[in-house]
Amino acid sequence: MHRLIVATTTAVIAAALAVGADFGIVALLEAPPEQPNVPLISYDTAAPRR
């Protein structure tokens with residue numbers, strides 16, 4: 001009986017850890033990436049030279 005309780009407890013703890021890890025991974029994947037607000041290409045807005 002003791003082995004059955006230990007096996008059940010181990011399975012429940014392992015399942016809880018798997019669910020917790022799953023929620024953590026999903027939270028990390030849904031987080032918006034931090035992107036710098038710097039344009040890759042910039043055009044001069046001044047009047048052209050003559």
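Heads up: numbering here begins at 1 and tracks the sequence.
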Which heavy atom in Val6 sits nearest to a heavy atom in Thr10, and how many Å separate them? O-OG1, 2.7 Å

If you group Ile, Leu, Val, Met, Phe, Trp and Tyr whenever their side-chain heavy atoms sit less than 4.5 Å apart, what else falls in with Leu29? Ile25

Hydrophobic cluster partners of Leu17 (side-chain heavy atoms under 4.5 Å): Ile13

